[in-house]
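Scroll down for the structure; my scribbles are underneath it.
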Amino acid sequence: IAEAKLLVGFSMPAALTPQWYAAQVLSAVLTEGETSILNRQLKEEKGWVSSLKSLPLDLKHQGYLALQFSLDPSRLDNVELALWTELERLKSGALDDQDLERAKNLLERNLYLEREELINFGFELARYEAISTHREWRDSVRRLRAVTSEQVIEVAKTYLTLPRSTVLEYLPKGAKPRGASVESLMAFLEQRLPNAVKEAELIAGPAAPPDKDKKAKPARPAVRTVG
């Protein structure tokens, strides 16, 4: 590989459950389109990644979401800190109506574009029937549209946490080994994350309403890290 690859994954709600629709909007808020939160912060403004995307896995009894970033190996610490900073801000309520509406519009557009192809239409209908019923498929756009910012934030608080995460770092040939571990990631975030969140809030304005009981210092994760 020519660049480093960073993947940060989380277990997510099972497909077609009420929380799953909020999780779809959450994923789109973070990575769908050039003005998504992570694309805006990490690629357009800071230039720390060359590309990023979501890799969802939607199954009947369990979901999974991986966030993938392509970047220079020297930027791994910067990107990991910026990622967790944005996730912490989102969980504290920093989700505006414009980002929410943009995410819903893109999801709705993608659904209708996929249904224009007969083969995609058939596969999608079969998938809904296997997991739930075809009635769920007919109601899918309405249910996405009904997702609220509170539901998106609640899913983020529940699922986008260090203890539920898996971090994988793929380095290109010749790159200096990082010796990454759970302990080193934890120590790095404990030291840098609180100030990074404060600095981001000073630039963008504090999340509203703020969670006064929320602490920026993360709990010890059950994270698997590959360097």
Side-chain angles (χ1 to χ4, degrees), residues 7-41 52-68 83-84 86-166 207-209 211 214:
L7 289 95
V8 182
F10 307 90
S11 61
M12 297 297 280
L16 306 184
T17 59
Q19 281 193 318
W20 179 80
Y21 287 96
Q24 298 303 295
V25 176
L26 171 61
S27 176
V29 162
L30 291 173
T31 65
E32 187 70 30
E34 294 183 356
T35 57
S36 61
I37 290 176
L38 295 180
N39 197 82
R40 191 168 66 228
Q41 293 293 328
L52 62 94
K53 62 182 176 180
S54 294
L55 302 171
L57 179 62
D58 302 316
L59 302 175
K60 185 173 183 178
H61 301 294
Q62 178 66 58
Y64 196 80
L65 174 66
L67 304 175
Q68 177 178 299
L83 167 63
W84 286 104
E86 292 306 318
L87 295 184
E88 289 303 311
R89 292 194 68 246
L90 178 62
K91 288 185 282 185
S92 70
L95 175 59
D96 61 39
D97 292 339
Q98 184 177 359
D99 281 329
L100 182 67
E101 187 64 20
R102 176 196 55 78
K104 291 181 182 181
N105 288 341
L106 289 172
L107 286 171
E108 184 176 357
R109 181 206 64 181
N110 292 344
L111 281 174
Y112 285 128
L113 286 176
E114 289 176 1
R115 292 172 184 179
E116 288 182 356
E117 296 287 337
L118 186 59
I119 189 170
N120 292 338
F121 182 88
F123 275 124
E124 184 183 3
L125 188 57
R127 176 171 170 270
Y128 272 77
E129 188 65 30
I131 296 176
S132 181
T133 70
H134 67 279
R135 295 180 183 86
E136 187 79 24
W137 171 83
R138 294 179 63 179
D139 207 28
S140 58
V141 172
R142 185 192 66 80
R143 296 193 67 174
L144 280 172
R145 278 290 175 190
V147 171
T148 66
S149 59
E150 291 79 9
Q151 290 171 326
V152 173
I153 292 167
E154 185 60 35
V155 167
K157 287 181 179 179
T158 302
Y159 292 94
L160 303 189
T161 66
L162 275 167
R164 300 181 73 107
S165 69
T166 301
D211 186 349
K214 184 178 179 61

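Quick note: residue numbers are just sequence positions, from 1.
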[X]: what forms a side chain to side chain contact (heavy atoms under 4.5 Å, CB included) with it, not counting sequence neighbours?
{"X": "Glu108", "value": "Tyr112, Val141, Arg145"}
{"X": "Leu57", "value": "Leu59, Tyr64"}
{"X": "Glu150", "value": "Thr148"}
{"X": "Ile153", "value": "Leu95, Lys157"}

Could you tell me which non-hydrogen atom of [X] sits nearest to which non-hydrogen atom of [Y], and how far apart they are?
{"X": "Leu160", "Y": "Trp84", "answer": "O-CZ3, 4.0 Å"}
{"X": "Ala28", "Y": "Ser36", "answer": "O-CB, 4.0 Å"}
{"X": "Val152", "Y": "Val25", "answer": "CG2-CG1, 3.8 Å"}
{"X": "Trp20", "Y": "Ala15", "answer": "CD1-CA, 3.5 Å"}
{"X": "Arg102", "Y": "Val29", "answer": "NH2-O, 3.2 Å"}
{"X": "Ala156", "Y": "Leu90", "answer": "CB-CD2, 4.3 Å"}

Subject >> Atom pair CD1/CG of Ile37 and Leu83 - distance to nearest 0.5 Å >> reply: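 Between Ile37 CD1 and Leu83 CG, I get 11.5 Å after rounding to 0.5 Å.
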Original post:
Can you list every pair that meets salt bridge (charged side-chain N to carboxylate O under 4.0 Å, His left out) and has a residue in residues 56-66, with sequence neighbours left out?
Top reply: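 Counting only pairs at least two positions apart or across chains, the salt bridge (charged side-chain N to carboxylate O under 4.0 Å, His left out) contacts touching residues 56-66 are Asp58-Arg127.
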**OP:** Would you check, one step at a time, whether the test side-chain contact (heavy atoms from CB on, under 4.5 Å) holds for Leu38 with Glu86?
**Re:** CA-CA 8 Å; Leu38 295 180; Glu86 292 306 318; 4.0 Å; yes
Original post:
Is the backbone N or O of Thr35 less than 3.5 Å from a side-chain atom of Asn39, with the two atoms forming a donor-acceptor pair by type?
Top reply: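 No.
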Original post:
Quick check: does any side chain N or O of Gln62 sit under 3.5 Å from a backbone N or O of Met12, one acting as donor and the other as acceptor?
Top reply: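 Yes, Gln62 side chain to Met12 backbone: donor-acceptor pair under 3.5 Å.
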Can you name the side chain to side chain donor-acceptor pair (under 3.5 Å) partners of [X], sequence neighbours left out?
{"X": "Arg143", "answer": "Glu136"}
{"X": "Asp96", "answer": "none"}
{"X": "Ser54", "answer": "Ser27, Thr31"}
{"X": "Ser149", "answer": "none"}

Subject >> Leu67 vs Leu52, side-chain contact (heavy atoms from CB on, under 4.5 Å): CA-CA, chis, key distance, verdict >> reply: CA-CA 7 Å; Leu67 304 175; Leu52 62 94; over 6 Å; no
Original post:
Got Leu16 and Tyr21 here, is their nearest side-chain heavy-atom distance under 4.5 Å?
Top reply: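 Yes, close enough: below the 4.5 Å cut-off.
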Original post:
Got a salt bridge between Glu88 and Lys91, using NZ or NE/NH1/NH2 to carboxylate O under 4.0 Å?
Top reply: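 So Glu88 pairs with Lys91 through a salt bridge.
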Subject >> Derivation and outcome, side-chain contact (heavy atoms from CB on, under 4.5 Å), residues Leu65 and Leu26 >> reply: CA-CA 11 Å; Leu65 174 66; Leu26 171 61; 5.7 Å; no
Original post:
Could you go step by step and tell me if Gln24 and Leu111 meet the side-chain contact (heavy atoms from CB on, under 4.5 Å) rule?
Top reply: CA-CA 12 Å; Gln24 298 303 295; Leu111 281 174; over 6 Å; no
Subject >> Which residues share a salt bridge (charged side-chain N to carboxylate O under 4.0 Å, His left out) with Arg109, sequence neighbours left out >> reply: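 None.
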